[in-house]
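This report concerns only the one structure given below.
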Amino acid sequence: MKKGGTHERIYAIVRKIPKGRVTTYGTVARLAGFAGQARLVGYALSALPTGTAVPWHRVINAQGKLSLEQKGSSSGITQRLRLEREGVKVDAAGRVALATFGWRLAIGKP
DNA sequence: CCACTGACGAGTG
DNA sequence: GCACTCGCCAGTG
């Protein structure tokens with residue numbers, strides 16, 4: 001046990017995100033011990049290989065939008081699909097209501 | 001070693 | 001709401 005994998009630390013937090021909920025890069029960074037380094041989370045997820053057991057699709061930006069979709073990445077479609085499949089409603093502009101689905105930010109109120 | 005790029009966030013105008 | 005700037009870390013050539 002050693003290995004101070006910056007990325008591994010982030011993956012550990014992302015894996016804790018419950019299904020049907022989303023969180024922001026900044027929150028993940030904070031919980032991982034990298035407060036203020038939201039970018040690291042993005043970089044770590046970008047290095048994530050395909051077929052990983054990490055629910056990266058549950059991580060969005062502080063604006064409540066899907067960064068991938070905003071960028072126009074083809075992977076953005078996958079993220080949106082997976083979220084909606086878990087019960088997360090995604091706006092036409094690729095925006096999610098953090099007030100409802102935000103993990104650790106607000107208790108979902110159906 | 002230097003320069004550039006990249007899944008962000010907060011502040012400013 | 002949008003455009004621009006700065007800070008921070010990792011990978012590549």
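Numbered from 1 within each chain, the chains take letters A, B, ... in sequence-line order.
- A:D91 has its CG atom 11 Å from the P atom of C:dG1, to the nearest Å.
- With sequence neighbours excluded, the residues satisfying side chain to side chain contact (heavy atoms under 4.5 Å, CB included) with A:S75 are A:L68.
- When rounded to the nearest whole Å, the span between CG of A:L98 and P of B:dC8 equals 15 Å.
- Atom CG of A:L68 and atom P of B:dG6 are 13 Å apart (whole Å).
- For the pair A:F34 CZ and B:dG9 P, the computed distance is 16 Å after rounding to whole Å.
- Rounded to whole angstrom, the span from the NZ atom of A:K65 across to the C1' atom of B:dG9 amounts to 15 Å.
- Under the side chain to side chain contact (heavy atoms under 4.5 Å, CB included) criterion, A:R39 pairs with A:Y43, not counting sequence neighbours.
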Find every protein N or O atom lying less than 3.5 Å from an N or O atom of nucleotides 9-13 of chain C, and list the pairs.
| from | atom 1 | to | atom 2 | distance (Å) |
| --- | --- | --- | --- | --- |
| C:dA10 | OP1 | A:T6 | OG1 | 3.4 |

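- For residues 41-65 of chain A, every residue pair satisfying the salt bridge (charged side-chain N to carboxylate O under 4.0 Å, His left out) rule, not counting sequence neighbours, is listed here: A:R58-A:E86.
- By the side chain to side chain contact (heavy atoms under 4.5 Å, CB included) test, A:R82 pairs with A:W56, A:H57, A:T78, sequence neighbours left out.
- Applying the side chain to side chain contact (heavy atoms under 4.5 Å, CB included) rule to A:I77 yields the partners A:E69; only residues at least two apart in sequence or on another chain are considered.
- Here the side chains of A:Y11 and A:L48 are in contact, with some heavy-atom distance below 4.5 Å.
- Rounded to whole Å, atom P of B:dC8 lies 14 Å from atom CD of A:E69.
- Atom pair A:Y25:OH and B:dA10:P shows a separation of 14 Å (rounding to whole Å applied).
- Here the P atom of nucleotide B:dG9 and the CG atom of A:L31 are 14 Å apart, to the nearest Å.
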